[in-house]
Amino acid sequence: MSKTKYSEKAQDKVGKVMHEFKEGKLKSSSGKKATSKKQAVAIGISEAREKGLKVPNKKKD
């Protein structure tokens, strides 16, 4: 099974968002503070996807 591939810029975006989360400055789309690392990663991936960076498709259940 191969690993999913994220572009370097997408990885940088998630890294920046994680930095904001660690500083306590990261807000979710509802305007409330992000409370978990999972939320922070999801926000970073979503922002990267909006910018058109290479991010794997969402998993389908």
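Hydrogens, waters and symmetry mates play no part in the numbers below; they use all other heavy atoms, side chains included.
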- Item | Where V55 and A10 come nearest, the two heavy atoms and their spacing | CG2-CB, 4.0 Å

- Determine the minimum heavy-atom distance between V17 and A40, stating which atoms define it. CG1-O, 3.3 Å

Validation: residues 43-51 side-chain donor-acceptor distances under 3.5 Å, sequence neighbours left out:
{"from": "E47", "atom 1": "OE1", "to": "K13", "atom 2": "NZ", "distance (Å)": "3.1"}
{"from": "R49", "atom 1": "NH2", "to": "P56", "atom 2": "O", "distance (Å)": "2.8"}

Contacts table for residues 30-37: side-chain donor-acceptor under 3.5 angstrom, sequence neighbours left out:
{"from": "S30", "atom 1": "OG", "to": "S28", "atom 2": "OG", "distance (Å)": "3.0"}
{"from": "T35", "atom 1": "OG1", "to": "Q39", "atom 2": "OE1", "distance (Å)": "2.9"}
{"from": "S36", "atom 1": "OG", "to": "Q39", "atom 2": "N", "distance (Å)": "3.2"}

- Query: With hydrophobic residues grouped by side-chain heavy-atom distances under 4.5 Å, do L53 and Y6 end up in a single group?
  - Reply: no

- Output the distance between atom NE2 (H19) and atom CG (L26), rounded to the nearest 0.5 Å. 11.5 Å

- salt bridge (charged side-chain N to carboxylate O under 4.0 Å, His left out): which pairs involve residues 17-30, sequence neighbours left out? E23-K25

